[in-house]
Amino acid sequence: MKILICCNLGMSSSILMKRIREAAQRRGIDLTIAAVANADIRDEKGKWDVCLVGPQLVYAVANIKTQLGIPVASVEPRVYAMADGDKALDFAVGLMEG
């Protein structure tokens with residue numbers, strides 16, 4: 001599974017990225033994950049299965065989805081703020097499965 005996390009500068013998502021990676025390891029899920037800034041999203045087309053967007057960018061979800069052509073959704077603010085890797089991973093898996 002390949003998850004991209006997008007936020008304003010690619011920094012606030014780094015903690016969530018780490019926690020998602022830890023959750024995937026505990027579950028035995030083969031995971032590739034990265035965090036990028038919204039400004040760099042166009043360089044990511046064709047590399048990912050799903051994109052999680054920080055709640056501060058909820059307004060950009062449709063645009064990001066158009067650019068990447070994959071499932072894209074904003075992470076629930078509480079999950080993002082608490083860096084809940086398990087819930088974020090569940091969300092990504094559900095998003096990818098449709």
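Only heavy atoms go into these numbers, but all of them, side chains included; no hydrogens, no water, no symmetry mates. The structure displayed is predicted, hence computed values, not measured ones.
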When rounded to the nearest 0.5 Å, the distance separating CZ of Arg21 from OG1 of Thr32 is 9.0 Å
How about Asp43: does its CG atom have over 12 heavy atoms from other parts shown lying under 6.0 Å from it? yes
Taking distance alone, no hydrogens or angles, what donor-acceptor pairs closer than 3.5 Å link side-chain atoms of residues 82-98 to residues at least two apart or in another chain?
{"unit_1": "Asp84", "atom_1": "OD1", "unit_2": "Asp86", "atom_2": "N", "d": "3.2"}
{"unit_1": "Asp84", "atom_1": "OD1", "unit_2": "Lys87", "atom_2": "N", "d": "3.0"}
{"unit_1": "Asp86", "atom_1": "OD1", "unit_2": "Arg26", "atom_2": "NH2", "d": "3.2"}
{"unit_1": "Asp86", "atom_1": "OD1", "unit_2": "Arg27", "atom_2": "NH2", "d": "3.2"}
{"unit_1": "Asp86", "atom_1": "OD2", "unit_2": "Arg26", "atom_2": "NH2", "d": "2.8"}
{"unit_1": "Asp90", "atom_1": "OD1", "unit_2": "Arg27", "atom_2": "NH1", "d": "2.6"}
{"unit_1": "Asp90", "atom_1": "OD1", "unit_2": "Arg27", "atom_2": "NH2", "d": "3.0"}

Nearest heavy-atom contact between Tyr80 and Cys7 is OH-CB, 3.5 Å
Approximate separation, where rounding is to 0.5 Å, of Leu16 CG and Ile5 CD1: 4.5 Å
Answer yes or no: is there a side-chain heavy-atom contact under 4.5 Å between Leu4 and Ile41? yes
Name the atoms and distances for all side-chain donor-acceptor pairs under 3.5 Å in residues 48-72, with sequence neighbours left out.
{"unit_1": "Trp48", "atom_1": "NE1", "unit_2": "Glu44", "atom_2": "OE1", "d": "2.8"}
{"unit_1": "Asp49", "atom_1": "OD2", "unit_2": "Lys2", "atom_2": "N", "d": "2.8"}
{"unit_1": "Thr66", "atom_1": "OG1", "unit_2": "Ala62", "atom_2": "O", "d": "3.0"}

First locate atom CG of Leu31, then atom CD of Glu22, and finally report the distance between them rounded to the nearest 0.5 Å. 11.5 Å
